[in-house]
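Report on one structure; see the data block that follows.
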Amino acid sequence: MFSRPPLIFQNMKTIIIDDEPLARSIIREYLQHHPELELVAECNDGFEGVKAIQQLQPELIFLDIQMPKINGFEMLELIEDPPSVIFTTAFDEYAIKAFESHAVDYLLKPFSRERFDKAVSKLLQLGKTGGREKLAPLLESVSNSPGEQHRVVVKLAGKIRIIPVEDIYYLEAADDYVKVHTREGAFLKNKTMGHFESVLNVNQFVRTHRSFMVNVTEITRIDPYEKDNHLAILKSGGRVPVSKAGYSKLKSVLGL
């Protein structure tokens, strides 16, 4: 597995990821006063950002949160070993609360050069880690944001896929991952079943079993199985286990 080099203080490779040309130009201008930061790329969305990070392996990125296609948090989840991050954002109460609760620095647009310099100085003082140890708990907390209810972002063979929740048949626990079964095949997501249970619409997705969650709109019938268990038969032909507790949840959601 690739191991990112330690944070350095000379020629630190830096990438700007922001869909607003004006925002990128301001950061580019401010970076001219920091010769220790070497700007190696600018990206206008998360797709370009993932590709640039994989190819250029920067030590630092300036990352906008509100971007089309996938937001900044979703982009970071697709990077196995993310670099240090200074977040940039327009006012977003949800994101700002997350930043402050995890002591992660951010730049609230519009920001001055003085505020920019302060953020850079703070990052350099953190040393080799650059605050990267705070990213995982931050991403876990913001992953329950409203946008997560409508889509699942995955990466397969280097390509990013955005899966609308309507296209999901069911979810299946798979070790440290969740296997997302869709009409286009199955995809692994590095999340827990508990995460999806807290994020997805409870009237559409039901935890029928410790290891399964089903999209109730895909169910054609529910058949008895062993003892108090059942099987949910899906339109796709899939068969999802239903425990006794899961059956009670299904009946409640389906109005049975």
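Residues passing the ring pair (Phe, Tyr, Trp, His ring centres under 6.0 Å) test with F187: none are found, sequence neighbours excluded. T217 meets the side chain to side chain donor-acceptor pair (under 3.5 Å) test with N215; sequence neighbours excluded. Every residue meeting the salt bridge (Lys or Arg N to Asp or Glu O under 4.0 Å) condition with E184, not counting sequence neighbours, appears here in chain and number order: R161. Applying the side chain to side chain donor-acceptor pair (under 3.5 Å) rule to Y247 yields no partners; only residues at least two apart in sequence or on another chain are considered.
Within the 4.5 Å cutoff, no side-chain heavy atoms of N229 are placed close to those of P241. Contact of the I86 side chain with the T14 side chain is not registered, since no non-hydrogen atoms from C-beta on lie closer than 4.5 Å. Using a 4.5 Å heavy-atom cutoff, the side chains of I17 and D64 are not in contact. Inter-residue side-chain proximity for T192 and H195 is flagged as met; some heavy-atom pair is nearer than 4.5 Å. The side-chain heavy atoms of I16 and L31, taken from C-beta on, include a pair separated by under 4.5 Å. No side-chain heavy atom of V153 sits less than 4.5 Å from a side-chain heavy atom of E77.
Cluster membership for M213 and Y225, using ILVMFWY side-chain heavy atoms within less than 4.5 angstrom, is not shared. No continuous path of ILVMFWY side-chain contacts below 4.5 Å connects V206 to V199, so the two sit in separate hydrophobic clusters. Cluster membership for V178 and F212, using ILVMFWY side-chain heavy atoms within less than 4.5 angstrom, is not shared. I163 and V216 are assigned to two separate hydrophobic clusters, defined by single-linkage of ILVMFWY side chains at heavy-atom distances under 4.5 Å. If you chain together hydrophobic residues whose side chains sit under 4.5 Å apart, L254 and L234 fall into the same group.
To the nearest 0.5 Å, atom CE of residue M12 and atom OG of residue S84 are 7.0 Å apart. Between the CG atom in L63 and the SG atom in C43 there is a gap of 10.0 Å [rounded to 0.5 Å]. A distance of 11.0 Å separates CG in L231 from CD1 in I219, rounded to the nearest 0.5 Å. Y170 OH to H209 NE2: the interatomic distance, rounded to the nearest 0.5 Å, is 12.5 Å. Rounded to the nearest 0.5 angstrom, L171 CG and K189 NZ are separated by 12.0 Å. Remark: I27 CD1 to D18 CG distance equals 6.0 Å, nearest 0.5 Å.
Screening residues 19-34 for salt bridge (charged side-chain N to carboxylate O under 4.0 Å, His left out) gives E20-K109, R24-E42, R28-E42 as the qualifying pairs, with residues at least two apart or on separate chains. For the salt bridge (charged side-chain N to carboxylate O under 4.0 Å, His left out) condition, the pairs that include at least one residue of residues 212-227, sequence neighbours left out, are R221-D223. Applying the salt bridge (charged side-chain N to carboxylate O under 4.0 Å, His left out) test to every pair with at least one member in residues 162-181, sequence neighbours left out, gives these pairs: D167-R183. Within the structure, salt bridge (charged side-chain N to carboxylate O under 4.0 Å, His left out) pairs that include any residue of residues 246-256 comprise E197-K249 (at least two apart or interchain).
R151 and N71 make their closest contact through NH2-N, 3.8 Å (heavy atoms, listed as atom of the first residue, atom of the second, distance). For the pair Y169 and S236, the tightest heavy-atom approach, listed with the atom from each and the gap, is CE1-CB, 3.6 Å.
Taking the six-membered ring for Trp and thresholds of 30 and 60 degrees, F87 and F73 have ring planes inclined between 30 and 60 degrees apart.
Here the side chain of T220 pairs a donor or acceptor atom with the backbone of I233 at under 3.5 angstrom. No donor-acceptor pair under 3.5 Å is formed between the side chain of E38 and the backbone N or O of K13. For T182 (side chain) and V180 (main-chain N/O), no donor-acceptor pair under 3.5 Å exists by modelled atom type.
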Without placing hydrogens or testing angles, list every side-chain donor-acceptor pair under 3.5 Å for residues 114-121, not counting sequence neighbours.
{"from": "R115", "atom 1": "NH2", "to": "D105", "atom 2": "OD1", "distance (Å)": "2.7"}
{"from": "R115", "atom 1": "NH2", "to": "Y106", "atom 2": "O", "distance (Å)": "2.8"}
{"from": "D117", "atom 1": "OD1", "to": "H34", "atom 2": "NE2", "distance (Å)": "2.7"}
{"from": "D117", "atom 1": "OD2", "to": "R113", "atom 2": "NE", "distance (Å)": "3.4"}
{"from": "S121", "atom 1": "OG", "to": "Q125", "atom 2": "NE2", "distance (Å)": "3.4"}

Which atom pairs, donor and acceptor, lie under 3.5 Å between side-chain atoms of residues 44-51 and protein residues at least two apart or in another chain?
{"from": "D45", "atom 1": "OD1", "to": "F47", "atom 2": "N", "distance (Å)": "2.9"}
{"from": "D45", "atom 1": "OD1", "to": "E48", "atom 2": "N", "distance (Å)": "2.8"}
{"from": "E48", "atom 1": "OE1", "to": "N44", "atom 2": "N", "distance (Å)": "3.1"}

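By the neighbour-count criterion of 12 heavy atoms within 6.0 Å, atom NZ of K244 is sparsely surrounded, having that number or fewer from other residues, nucleotides or ligands. Around CZ of F111, the count of heavy atoms belonging to other residues, nucleotides or ligands within 6.0 Å exceeds 12.
Here V202 sits alone; no ILVMFWY side chain lies under 4.5 Å from its own, so it joins no hydrophobic cluster. Under the 4.5 angstrom side-chain criterion for Ile, Leu, Val, Met, Phe, Trp and Tyr, the cluster partners of L188 are Y177.
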Derivation of the side-chain contact (heavy atoms from CB on, under 4.5 Å) call for I53 and L78: CA-CA 11 Å; I53 290 171; L78 301 175; over 6 Å; no
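At a cut-off of 3.5 Å, with distance as the only test, a side-chain donor of Q66 or T89 sits close to an acceptor on the other residue.
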